[in-house]
Amino acid sequence: MPFLFLAKKWLGSLLLPLPLLLLIAFLGSILLWKRHTRSGMTLILASLLALALLSTRPVANLLLAPLENTYAPFETDEQLVDDIIVLGAAQVADPRLPLLSQLGNAALARISEGVRLAHAHPQARLIVSGYAGGEGRSSAELYAEVAQALGIEAARITMLPRPRDTAEEAAAIAPLIKHRQAVLISSASHLPRAMALFATEGVSPLPAPVDHQAKESTSTLPLYTYLPNARYLERSERAWHEYLGRLWIRLRRNE
């Protein structure tokens, strides 16, 4: 199982836009070296063009927005909530850093919403998950510490530090929330896949999307915002990762 998990992570990482397009450009360079000029130049130019387009705001938002717009923001006064689930995200458990600096942007957005909803629903249990991933402390542990620092009692918090990905999180959390009203918090782009995985486990929590990235200003933006930029490539990569994940779910269901 550890080998299969690592193999899936490696394959998923290599299929992301930047490494994949760089690999295509490298293959094009080899073809040029072998004097297959037309094929080599085609691969190099195609990879560079794709990389440039994926690094622009319109293309990145076009890819990401359909995922992020799947679910509306969760309204705290809608109904009774028994459980609030915060899915794990990247962290760097460096004790030299302030607590909040040890969490990535996605993790900060997720636990912040979790704490907000926990205050709005004081009877609800807060379930935090996510493994260490080579770090000294897991996402679940850091989440719990942040929640307590922001006024949530330790007795209300359930930590699940072992799940390594969303599928394992869904499998571990589903038995805890059956026949209960639960809210599932994750990044807006990731939530459709997370909801599908929880449905596979026989539970249907209420979606609470956060960490929206495909934002569009209502004012006229200057032309330089249309130039390629690393942060737009990151948005494209996030969308690409989710589409790959959804494809993987479909392939597993057809096995």
Side-chain angles (χ1 to χ4, degrees), residues 64-91 100 103-131 138-214 238 242 245-246 249:
L64 198 57
L67 296 170
E68 294 194 338
N69 295 335
T70 303
Y71 300 109
F74 182 76
E75 299 294 338
T76 58
D77 58 351
E78 280 186 348
Q79 51 196 305
L80 182 69
V81 172
D82 298 312
D83 297 303
I84 299 164
I85 306 159
V86 183
L87 296 183
Q91 87 284 3
L100 295 180
L103 296 174
N105 291 336
L108 279 172
R110 296 179 191 187
I111 190 56
S112 297
E113 181 71 354
V115 170
R116 185 181 77 87
L117 294 183
H119 282 301
H121 299 276
Q123 79 290 341
R125 172 176 53 173
L126 180 63
I127 301 174
V128 292
S129 69
Y131 82 134
S138 65
S139 292
E141 292 174 280
L142 291 173
Y143 279 164
E145 188 172 343
V146 169
Q148 290 176 67
L150 296 177
I152 306 302
E153 300 86 351
R156 295 179 59 193
I157 303 172
T158 297
M159 288 192 297
L160 298 174
R162 296 180 65 87
R164 299 170 297 177
D165 58 18
T166 311
E168 292 186 6
E169 287 179 308
I173 294 171
L176 302 178
I177 64 172
K178 282 192 174 178
H179 312 300
R180 293 167 64 89
Q181 185 74 283
V183 177
L184 181 62
I185 300 171
S186 190
S187 299
S189 59
H190 173 251
L191 200 52
R193 181 162 60 94
M195 290 289 289
L197 289 168
F198 273 77
T200 300
E201 298 295 333
V203 293
S204 299
L206 300 172
V210 295
D211 187 32
H212 295 75
Q213 300 295 318
R238 180 179 292 210
E242 291 304 321
R246 295 169 80 173
I249 292 173

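Given the structure is predicted, the values throughout are model-derived calculations rather than measurements.
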Go through the steps for Leu103 and Arg110 under the test side chain to side chain contact (heavy atoms under 4.5 Å, CB included), then give the verdict. CA-CA 10 Å; Leu103 296 174; Arg110 296 179 191 187; over 6 Å; no
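Across all non-hydrogen atoms, the minimal contact from Ala172 to Leu176 is O-CG, 3.9 Å. When every heavy atom of Ala147 is checked against every heavy atom of Ile157, the shortest pair comes out as CB-CD1, 3.9 Å.
Applying the side chain to side chain donor-acceptor pair (under 3.5 Å) rule to Glu68 yields no partners; only residues at least two apart in sequence or on another chain are considered. Taking Arg156 as the reference, Ala118, Ala124, Ile152, Glu153 meet the side chain to side chain contact (heavy atoms under 4.5 Å, CB included) condition, with sequence neighbours excluded. Applying the side chain to side chain contact (heavy atoms under 4.5 Å, CB included) criterion to Ala140, with sequence neighbours excluded, gives Val128, Ser138, Met159, Pro161. Residues satisfying the salt bridge (charged side-chain N to carboxylate O under 4.0 Å, His left out) test with Glu113, not counting sequence neighbours, are Arg116. Residues forming a side chain to side chain donor-acceptor pair (under 3.5 Å) with Thr166 (at least two apart in sequence, or on another chain): His190. Scored by the salt bridge (charged side-chain N to carboxylate O under 4.0 Å, His left out) test, Glu145 finds Arg137 as partners (sequence neighbours excluded). Remark: Thr200 pairs with Arg253 by the side chain to side chain donor-acceptor pair (under 3.5 Å) rule, at least two apart or across chains.
How far CD1 of Ile173 is from CZ of Phe198: 4.0 Å, rounded to the nearest 0.5 Å. Taking CD1 from Ile84 and OG1 from Thr158, the interatomic distance works out to 11.5 Å, rounded to the nearest 0.5 Å. Rounding to the nearest 0.5 angstrom, the gap separating the CG atom in Asp82 from the CD atom in Gln123 is 7.0 Å.
No more than 12 heavy atoms of other residues, nucleotides or ligands lie within 6.0 Å of CG in Asn105, so this atom counts as exposed by the packing criterion.
Residue pairs meeting the side chain to side chain donor-acceptor pair (under 3.5 Å) criterion with at least one partner in residues 169-183, sequence neighbours excluded, are Gln79-Gln181, Asp83-Arg180, Ser129-Glu169.
In this structure a side-chain-to-backbone donor-acceptor pair under 3.5 Å is present from Thr70 to Leu67. Here the side chain of Arg164 pairs no donor or acceptor atom with the backbone of Tyr131 at under 3.5 angstrom. Formation of a donor-acceptor pair under 3.5 Å by the His119 side chain with backbone atoms of Gly151 is not found in this model. Under a 3.5 Å cut-off, the side chain of Ser186 and the backbone N or O of Leu191 do not form any donor-acceptor pair.
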Donor-acceptor pairs are to be reported for all side-chain atoms of residues 202-212 against protein atoms at under 3.5 Å, with residues two or more places apart or in another chain.
unit_1, atom_1, unit_2, atom_2, d
Asp211, OD1, Gln213, NE2, 2.7
Asp211, OD2, Ser187, OG, 3.0
Asp211, OD2, Arg238, NH1, 2.8

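The side-chain contact (heavy atoms from CB on, under 4.5 Å) test with Val183 is passed by exactly one of Ile177, Val86, Val81: Val81.
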